[in-house]
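The structure appears right after this line, and notes come after that.
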There are 2 protein chains.
Amino acid sequence: MSAASCSAAVGRPRAFDKQTALEKALEVFWIKGFDGASLSDLTSAMGINKPSMYSAFGNKEQLFLQAIEFYENRPCSFFKPALEQPTAYKVAEAMLLGAAKNMSDSTHPQGCVMVQGALACSEAAAGVKEELIKRRQQSQEKVQARFELAIEQGDLPKSADPAALARYLNTIIQGISIQASSGATEAQLNEVAQLALASFPRG
Amino acid sequence: MSAASCSAAVGRPRAFDKQTALEKALEVFWIKGFDGASLSDLTSAMGINKPSMYSAFGNKEQLFLQAIEFYENRPCSFFKPALEQPTAYKVAEAMLLGAAKNMSDSTHPQGCVMVQGALACSEAAAGVKEELIKRRQQSQEKVQARFELAIEQGDLPKSADPAALARYLNTIIQGISIQASSGATEAQLNEVAQLALASFPRG
DNA sequence: TGATTTTTGTACTAAAGAGTAAATAACCCT
DNA sequence: AGGGTTATTTACTCTTTAGTACAAAAATCA
C-alpha cells in the first residue's frame with residue numbers, strides 16, 4: 001500500500017511542476033557545471049525559492065543527481081536507440097552521428113552534461129564527479145556488451161576487441177562533446193564522425 | 001634601458017620561487033578547475049600567503065592564465081615535438097601516443113588542463129574559458145597547417161582535408177583527456193590511439 | 001467550521017569566497 | 001648607519017555561498 005504513486009495530495013499543493021523545474025536545473029548544470037552553478041542560479045532558473053528546492057529535491061547534490069538521471073533517460077537521448085541498431089557498424093554510426101547532431105544542437109546547451117557537469121572540480125563536487133565517471137563507464141560497458149553480441153552474430157570479426165572498440169567509440173564521443181561545447185558545428189562534427197568510422201571494422 | 005631582464009633586486013627579496021609557486025598553482029587548477037580552486041587551495045599549495053600571490057601574479061584569473069602559459073610551453077609537452085615529425089602520419093602518431101602517455105602519467109594530474117581547466121563554468125570563469133577555447137583552436141590550426149604542408153610535400157594525398165583531419169586528431173586527443181581524467185591507463189589509451197590511427201591516411 | 005498537513009516567502013545563519021590595508025621585515029644604495 | 005623600496009604577515013573587508021527557521025497560505029479531512 002505505498003502511497004508514492006497516489007497523487008491525492010494532502011496539505012498545500014506544490015505550486016510548480018517538479019519535472020519542469022528539474023529540466024531548468026539540468027540546463028544550468030549543463031552550462032555551468034556543478035561547481036559553477038550557484039543555488040541562486042538554479043532557483044532563479046527553476047522559478048522557485050530555495051526552501052521549495054530543498055523540500056522537493058533534497059540539496060544541491062541530489063538535485064544534480066536527479067537532473068542527470070533525467071538527462072540520460074530523456075526521449076531525445078541518442079544513446080539507447082543507437083544500441084539497438086542491427087550491426088556493430090551501424091551502432092557506431094548511429095552513436096557518432098547522433099553525438100554530432102545532438103551535442104551541437106542549439107535548442108539546448110552544447111556538449112554533454114555527463115562530461116562537463118563535473119570534470120575537474122572542488123571537493124564539494126567529488127561525489128557527483130565519481131557518479132559521472134561511473135555512469136560513463138557503464139555506458140562504455142553497454143557498448144562493449146553490444147559489440148560482444150555482434151561478434152557472436154558475426155557482424156564483427158572474431159579478431160575484434162570489443163572492449164577496445166567500445167573505449168574508442170566512447171573516447172570519440174567525449175571528444176565530440178568538448179568540440180561541441182567549444183562551438184563546433186554539426187557539419188564539422190559529422191566530418192569527425194566519418195573519419196572515425198573509417199577505422200571501424202565491418203562484418 | 002628596460003630593467004625587466006635585470007635581476008638586480010632593490011627592496012626585500014621574494015622569499016619564494018615564483019616559477020615553483022606557479023607550478024603548484026597549475027597543479028591545483030589542473031585537478032580542481034578554475035571554479036573549483038579556491039584561493040586558499042592555491043596559496044596553501046603554493047606555500048605563500050594571499051598578498052604574496054596578488055603581488056606576484058595579479059589575481060586568480062591572471063594566475064590561471066600564467067599557469068596555462070607555462071603548461072603549454074613546459075619541456076614535457078608532447079605537442080610541439082610531435083608537429084616536427086617528418087610525415088603527417090608520424091605527426092598524428094606522435095600526438096596520439098604522446099597524449100596517451102602524458103595524460104595518464106601519474107607524476108602529475110591526469111587529463112589536460114587546457115580541456116578541464118574551465119569547460120562548463122561560472123560567469124567568473126568566462127574569461128579563462130574563452131582563452132582555453134582560443135588556445136585549443138590555435139593548436140588545431142597549427143596541426144592543420146602542418147597537414148597542408150604534408151600535402152605539398154606529398155606525404156598526404158591531395159584529396160585529404162587538412163582541416164577535417166586536424167579536427168579529428170584534436171577531437172580524439174580531447175577524448176583521451178576525458179578518459180585519462182576518468183582513470184584510464186596508458187595501455188588502454190594506446191589501444192584507442194592505434195584504432196584512431198587506422199583511419200589516418202598515409203602518403 | 002476547525003484541525004491537519006504541506007508548501008511558500010521572507011529572513012536569517014554560519015562559513016567561505018576573492019581581494020586589500022597597514023604595519024613590519026629584509027634587502028640595496030649612498 | 002640611514003633612506004628607499006619591496007615582500008611578508010596579520011587582520012580585515014564585503015560579497016556570496018549552501019542551507020534553514022518560522023510564520024503565513026492553501027489545500028484535504030473530519
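Letters A, B, ... mirror the listed sequences (proteins, then strands); counts begin at 1. The shown structure was predicted, so the numbers you read here are calculated from the model rather than taken from an experiment.
- Comparing B:Gly58 and A:Ile48 by the nucleotide of DNA chain C that holds the closest heavy atom to each, the one mapping nearer the 5' end is A:Ile48.
- A cation-pi geometry, defined here as NZ or CZ lying under 6.0 Å from the six-membered ring centre and within 45° of its normal, does not hold between A:Lys129 and A:Phe34.
- Taking the six-membered ring where the residue is Trp, A:Trp30 and A:His108 present parallel rings, their angle staying beneath 30° rather than reaching 60°.
- Comparing C:dA18, D:dT8, C:dG9 against the side chain of B:Lys60 picks out C:dA18 as the nearest.
- Distance A:Met53 CE to D:dT20 C1': 12 Å, rounded to the nearest Å.
- Atom OH of B:Tyr54 and atom P of C:dG17 are 12 Å apart (whole Å).
- The nucleotide whose nearest atom lies closest to any side-chain atom of B:Pro13 is, among D:dT20, C:dT7, C:dA26, C:dA26.
- For B:Asn49, taking side-chain heavy atoms from C-beta onward, the closest of the listed nucleotides D:dT10, C:dT7, C:dA18 is D:dT10.
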Next on the checklist: Evaluate A:Met103 against A:Phe78 for side chain to side chain contact (heavy atoms under 4.5 Å, CB included), listing each step before the verdict.
Outcome noted: CA-CA 10 Å; A:Met103 292 189 189; A:Phe78 63 88; 4.1 Å; yes
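- Of the candidates D:dA18, C:dG9, C:dG17, the closest approach to any side-chain atom of B:Ser38 belongs to C:dG17.
- Taking atom CG of residue B:Leu42 and atom P of nucleotide C:dA16, one finds them 16 Å apart after rounding to whole Å.
- Closest to the side chain of A:Val10, from the set C:dT5, D:dG19, C:dT8, is C:dT5.
- Between the CZ atom of A:Phe57 and the C1' atom of C:dT7 there is a distance of 14 Å, given to the nearest Å.
- Contact check, A:Ser52 against C:dT7: no side-chain N or O comes under 4.0 Å of OP1 or OP2.
- Distance, A:Lys50 NZ to C:dT8 P: 16 Å, rounded to whole Å.
- At most 12 non-hydrogen atoms from other residues, nucleotides or ligands lie less than 6.0 angstrom from NZ of B:Lys134.
- A:Arg202 forms no cation-pi arrangement with A:Phe200, by the criterion of a distance under 6.0 Å to the ring centre and an angle within 45° of the ring axis.
- In the interface, the side chain of B:Arg12 is paired with the base of C:dA25 through a donor and an acceptor atom under 3.5 Å apart.
- Position along DNA chain D of the nearest nucleotide to A:Gly11 versus B:Pro51 favours B:Pro51 as the more 5'-ward residue.
- Here the P atom of nucleotide D:dT28 and the CZ atom of A:Arg14 are 16 Å apart, to the nearest Å.
- The side chain of B:Asn59 lies closest to C:dG19 when the candidates are C:dT7, D:dT10, C:dG19.
- Across the protein-nucleic acid pair, A:Phe16 atom CZ and C:dG9 atom P stand 10 Å apart, rounded to whole Å.
- In this entry the distance linking CZ of B:Phe64 with P of C:dA18 reads 14 Å, nearest Å.
- Here A:Ser55 does not reach the OP1 or OP2 of C:dT8: none of its side-chain N or O atoms lies under 4.0 Å away.
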